[in-house]
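Each remark here refers to the structure printed beneath this line.
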Amino acid sequence: LGARSGGLGLLSPDGRTLCVSIYSGGAYNVLPIGADGKLGEVSGIFKDTGSGPRPEQEAPHAHMMLFDTTGRHVIGTDLGTDRINVFAIENGKLAPRDRAQLKPGSGPRHVALHPQGTLLYVINELEGSVACHGYDPATGHVSEERQRISTTPADYTGQKSGAEILIHPSGRFLYASNRKLKSDHPLADSVAAFSIDNAGKLASIQYWSEGVRFPRAMTMAPDGSHLYALSQKGDTILRLRIDPQTGKLDQPVVVAKVPTPVCLVLVG
């Protein structure tokens, strides 16, 4: 089940707890896992309150959960209230550790941690941007925004809809997906590639649009050799090679045709 959740299960590093983010309910849930692998009853619920300035933000929308690199804190995004919530799990409960209020109307969807553990990147669905924040794994504190960069080119027109965010195992590259809603721009459906410098700053290096249609989800090979883009409206899973030197994507191969793919977990 991997290390993050957006309506899926998020396993704790010790395998004893399952965390789930509930988008429609605006809540984060915790369930114990027994020695036999069976789930117990919900032992902890954290339900947020509030709203944002956009119509899509009429209520809290818990979108994703991610354990930090220490495994001591779990980070949750809330698209509806423009917040990042950080928790510790104590006695089967979610104990709040920090709350970061982000740019109003940005709509934080998913997050990714740099391998060094002290940089947190957020893809904002409603704004179509990636923001970088400092992160303290010792306390779970999310610090001030360091950079905000668009996931679309400067000439982009129409509605934006950022979806997925991934960081290469080397820590040198970041990838973000864009989904076509109300836009005729040729890169409305695309994967944006960025380089990451030694200070964590992003710079655009490529936009890939060939063979992707509404790429809601992406995943990466554990060794960072390939990126898999799931075309929710194209019914395909596209594999792209990642150049280890430049981070650019190439060599597209359709590895599967499947109706409405929205999640992929690589095993092994």
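Computed from a prediction, not measured in an experiment: that's the story for all the values here. Positions are given from 1 along the sequence.
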Which residues satisfy the side-chain contact (heavy atoms from CB on, under 4.5 Å) test with [X], sequence neighbours excluded?
{"X": "Ser225", "answer": "Ala221, Asp223"}
{"X": "Lys233", "answer": "Arg213, Phe214"}
{"X": "Asp68", "answer": "Thr70, His73, Ile75, Leu113, Tyr135, Pro137"}

Can you confirm whether [X] sits close enough to [Y] that some side-chain heavy atom of one is under 4.5 Å from a side-chain heavy atom of the other?
{"X": "Leu227", "Y": "Leu166", "result": "yes"}
{"X": "Leu66", "Y": "Val74", "result": "no"}
{"X": "Pro252", "Y": "Trp208", "result": "yes"}
{"X": "Ile165", "Y": "Tyr175", "result": "no"}
{"X": "Ser129", "Y": "Ile123", "result": "no"}

For the residue pair [X] and [Y], what are the closest heavy atoms and their distance?
{"X": "Pro169", "Y": "Pro222", "result": "CG-O, 3.6 Å"}
{"X": "Ala217", "Y": "Val262", "result": "CB-O, 3.1 Å"}
{"X": "Thr69", "Y": "Pro115", "result": "CG2-O, 4.1 Å"}
{"X": "Arg72", "Y": "Ala138", "result": "NH2-CA, 3.8 Å"}

Expected output: side-chain [X] to main-chain [Y] donor-acceptor under 3.5 Å:
{"X": "Arg216", "Y": "Ser231", "value": "no"}
{"X": "Gln57", "Y": "Leu79", "value": "yes"}
{"X": "Thr151", "Y": "Gly128", "value": "yes"}
{"X": "Glu41", "Y": "Leu31", "value": "no"}

Crowded around Asn198 CG? As in, over 12 foreign heavy atoms under 6.0 Å?
no
Contacts of Gln206 meeting side chain to side chain donor-acceptor pair (under 3.5 Å) (sequence neighbours excluded), chain-then-number -> none
Do any pairs count as a salt bridge (charged side-chain N to carboxylate O under 4.0 Å, His left out) and have a residue in residues 181-194, sequence neighbours left out, and if so which ones?
none
Among Leu230, Thr260, Val258, the one residue meeting side chain to side chain contact (heavy atoms under 4.5 Å, CB included) with Asp235
Thr260
For residues Phe194 and Phe173, establish whether the separation of their ring centroids is below 6.0 Å.
no
For Arg83 and Asp48, what are the C-alpha separation, side-chain angles and deciding distance, and is it a salt bridge (Lys or Arg N to Asp or Glu O under 4.0 Å)?
CA-CA 10 Å; Arg83 292 176 185 144; Asp48 215 336; 3.0 Å; yes
When the ring planes of Tyr23 and His61 are compared, do they come out parallel, tilted or perpendicular, using 30° and 60° as the limits?
parallel
Could you tell me whether Arg241 and Asp243 make a salt bridge, using a distance below 4.0 angstrom between a side-chain N and a carboxylate O?
yes
Does the pair Arg179/Glu125 count as a salt bridge with the N-to-O cut at 4.0 Å?
yes
Please tabulate, one pair per line, all N/O donor-acceptor pairs under 3.5 Å involving side-chain atoms of residues 152-159, not counting sequence neighbours.
residue, atom, partner, partner atom, Å
Thr152, OG1, Ser150, OG, 3.0
Thr152, OG1, Lys160, NZ, 3.4
Asp155, OD1, His185, NE2, 3.0
Tyr156, OH, Gln159, O, 2.9
Tyr156, OH, Ser183, OG, 3.2

